[in-house]
There are 2 protein chains.
Amino acid sequence: MATIRDVAKLAGVSVATVSRVLNNQGYVHEDTRKKVEQAIRQLNYKPNAVARSLYKKTSKSIGLIIPDITNPFFPQLVRAVEETMYEAGYTVLLFNSDEVLKREQHIIDLMVTKYVDGIIIVSNTIKYEHLKDLSIPIVALDRVISQEIPSVSVDNYEGARKAVRLLIGKGCKKIAHLRGPKNVFTAEERLRGYMDEMNSQGMETFVYAGNYELNTSMVETMKLLTENREIDGIFAGNDVMAVGAIKAITKLGIHIPDQLKIIGFDGIELGTVITPELSTLKQPIVQLGKKSSELLLNYINGNEKVLRHYVYQAELIERDST
Amino acid sequence: MATIRDVAKLAGVSVATVSRVLNNQGYVHEDTRKKVEQAIRQLNYKPNAVARSLYKKTSKSIGLIIPDITNPFFPQLVRAVEETMYEAGYTVLLFNSDEVLKREQHIIDLMVTKYVDGIIIVSNTIKYEHLKDLSIPIVALDRVISQEIPSVSVDNYEGARKAVRLLIGKGCKKIAHLRGPKNVFTAEERLRGYMDEMNSQGMETFVYAGNYELNTSMVETMKLLTENREIDGIFAGNDVMAVGAIKAITKLGIHIPDQLKIIGFDGIELGTVITPELSTLKQPIVQLGKKSSELLLNYINGNEKVLRHYVYQAELIERDST
DNA sequence: GTGAAAGCGCTAACAG
DNA sequence: CTGTTAGCGCTTTCAC
């Protein structure tokens, strides 16, 4: 690996001059610039990012902490973040935390020592108190952690109400909610939306536990449908659970959407892949990723002074399950 | 951010001593160690990884290049790699390349300047010539790039033959293959397996184009089935295509598996989510990720001297589509 | 316009 | 056992 010194020697100049042409700043005579560029090419010299980082205290990299890439909601999000960051010249360090606080904290410590320029985090476990001493920019994605941490998220509450309204509009009389995991921000918001909408319409509520995961959802749906044969509408906490429910319903020989209508939340690809195709509240996943990255970049570059919370609306997508 | 100098001053020792207790090497008196540790705690000091990297020419990070995290095959793979690396104290830099050679090369250059300790790459486009001048360890994952680059992959050829044999064993008389994209290693191998097995059984072959993607597969399946009503078995190049095919078949009112049997390749979760559940050749995805990471770590640590190629067998999983 | 030199924070000889 | 010091490769004053 050639160093700046090698280049300087070959070009017959000082390292300072090489540095100047490298960074395109300060005065340097056209002829010397030529010589230096020639030497750079000849040696196939690439400036050492680590040395640069040490001096500049910036690494041109950001950390991305998500619960689990294996959850179908995240690949698109990660892709969008990675892409936006890459275009801006930043590298992303990816971490799966499983929302384990200890692990998240360890990851953050690690990042600090690596001089990451910023952090995007998707987490329910982490709180403001764990973040407040951090001197690097951070943005919360998909969930709002606290008022003090900028965030980019979706209006889960309003989305849930829309979902319920659709079911009601389609004539459902008994609508159940397969809720997401307790203490998970998005799940609580969606539940709240369901409750409020149902109550405001004077309808009885039926809430079943779930955890955003397929198999549990199948089991729970079986239970739900045997306990209460009159349920004719289900609002699932997310698309994965909706798909699980559909499997269970199909197995029971109940016809969708004639006998029972079901709607999910998220808008992941899976919903268009199954039969019947799933109606859902589609989150603007790519936009979430992109926006959070841009916001973080703004903070990093000092272009953004005030604390911002962006909230997107989920879009109702009617397919064949309602 | 406190530095080693601050710690040294507070503890009343030299930086060398602090470094010694930090790295737990060399002699240091129990009492001084205590003092230093106390100072470290007091300042909440964390050694600067960048400075360390500069000196040691190692960053405790590795690069992972995949085509597209959005493709359902990759999340599990990435997860496995990230996990194994994390446990070994390494951070992973993730890149989506879309298999664009220029981009891959740029990514690799970038990584070199960042002193990554090794690279795991999933790619069909990159060749040995692009890698041969690299001085850092590299391992090819899921595809073999060349004899000179260590790799961890699956026996796609044999897997394909197994798939075809199952279809034949189940009584299929006319078996078509929905092939994956041209020039993609895995796709070519699976095609070859199909051809060889069919030929060895003296059966006529029917190959239809595809690109590992769902919508094209639906369209192509429609075409296939209208062109040739007698097809009673389909070996899809991967699970995603198989799911597309199933959608098309269902739409045509053809019953699976009675009238037509179908089998995929990969063993992604999607296959268990749809109805009917998909028979497939399951790749040991997590193992692939884990093994490639361990292999890379071995190269990094100099424990592995010889060039290794690990090949796993895909496992036949019979579900409801055959 | 250009070069010398200090220093980013750490590690590893080398002395003592 | 402990301290001094010379770098790792780069950027940036500050002279000239």
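Residue numbering restarts at 1 for every chain, and letters A, B, ... go by the order of the sequence lines.
Among B:Leu110, B:Thr113, B:Val112, the single residue meeting the side-chain contact (heavy atoms from CB on, under 4.5 Å) criterion with A:Lys46 is B:Thr113.
Note that the first and last nucleotides of DNA chain C, 5' to 3', having any atom under 4.0 angstrom from a heavy atom of chain B are C:dG9 to C:dA13.
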Would B:Ile300 and B:Ile62 count as a side-chain contact (heavy atoms from CB on, under 4.5 Å) if you check the C-alpha gap in whole Å, the side-chain angles of each, and the deciding distance to 0.1 Å? CA-CA 10 Å; B:Ile300 290 173; B:Ile62 67 111; 4.1 Å; yes

With side-chain contact (heavy atoms from CB on, under 4.5 Å) as the criterion, how do B:Ile66 and B:Leu77 come out once you've worked through the C-alpha distance, each side chain's angles and the decisive distance to 0.1 Å? CA-CA 10 Å; B:Ile66 60 172; B:Leu77 204 60; 5.5 Å; no

Test A:Gln147 against A:His309 for side-chain contact (heavy atoms from CB on, under 4.5 Å), laying out the working first. CA-CA 8 Å; A:Gln147 279 312 306; A:His309 293 275; 3.6 Å; yes

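Between A:Asp98 and B:Arg79 there is a salt bridge, since at least one side-chain N of the basic residue sits less than 4.0 Å from a carboxylate O of the acidic one.
Where B:Thr32 and A:Pro47 each meet DNA chain D at their nearest nucleotide, the meeting point lying more 5' is that of B:Thr32.
Looking at B:Asn211, its side chain never comes within 3.5 Å of a backbone N or O of B:Pro181 through a donor-acceptor pair.
Of the residues in residues 20-31 of chain B, B:Arg20, B:Tyr27, B:Val28, B:His29 come within less than 4.0 Å of DNA chain D through at least one heavy atom, sorted by number.
If you check D:dT4, D:dG9, D:dG7 against the side chain of B:Ala16, the one that comes closest is D:dT4.
Contact annotation for A:Ser19: base contact, defined as any heavy-atom pair under 4.0 Å involving a base atom. Within the 4.0 angstrom heavy-atom criterion, no nucleotide atom of any strand lies near A:Val50.
For the helix from C:dG1-D:dC16 to C:dG16-D:dC1, the terminal axes (five pairs an end, C1' atoms, rotation from four pairs onto the next four) enclose an angle of 50°, given to 10 degrees.
Distance B:Lys114 NZ to D:dC10 P: 14 Å, rounded to the nearest Å. We find that CZ of A:Arg5 is positioned 7 Å from P of D:dC8, with the value rounded to whole Å. Atoms CG (B:Leu54) and C1' (D:dC8) sit 4 Å apart, rounded to a whole Å. Rounded to whole Å, the distance from CD1 on B:Ile4 to P on D:dA6 is 18 Å. Rounded to whole Å, the distance from OH on B:Tyr55 to P on D:dG9 is 11 Å.
In this structure, B:Ser61 and B:Lys114 have side chains that are not in contact, with every pair of non-hydrogen atoms separated by 4.5 Å or more.
There is a side-chain donor-acceptor pair under 3.5 Å between B:Thr186 and B:Tyr212.
Here the CE-CD1 distance, from A:Met111 to A:Ile136, works out to 8.0 Å after rounding to the nearest 0.5 Å. To the nearest 0.5 Å, atom CD1 of residue A:Ile40 and atom OH of residue A:Tyr45 are 7.0 Å apart.
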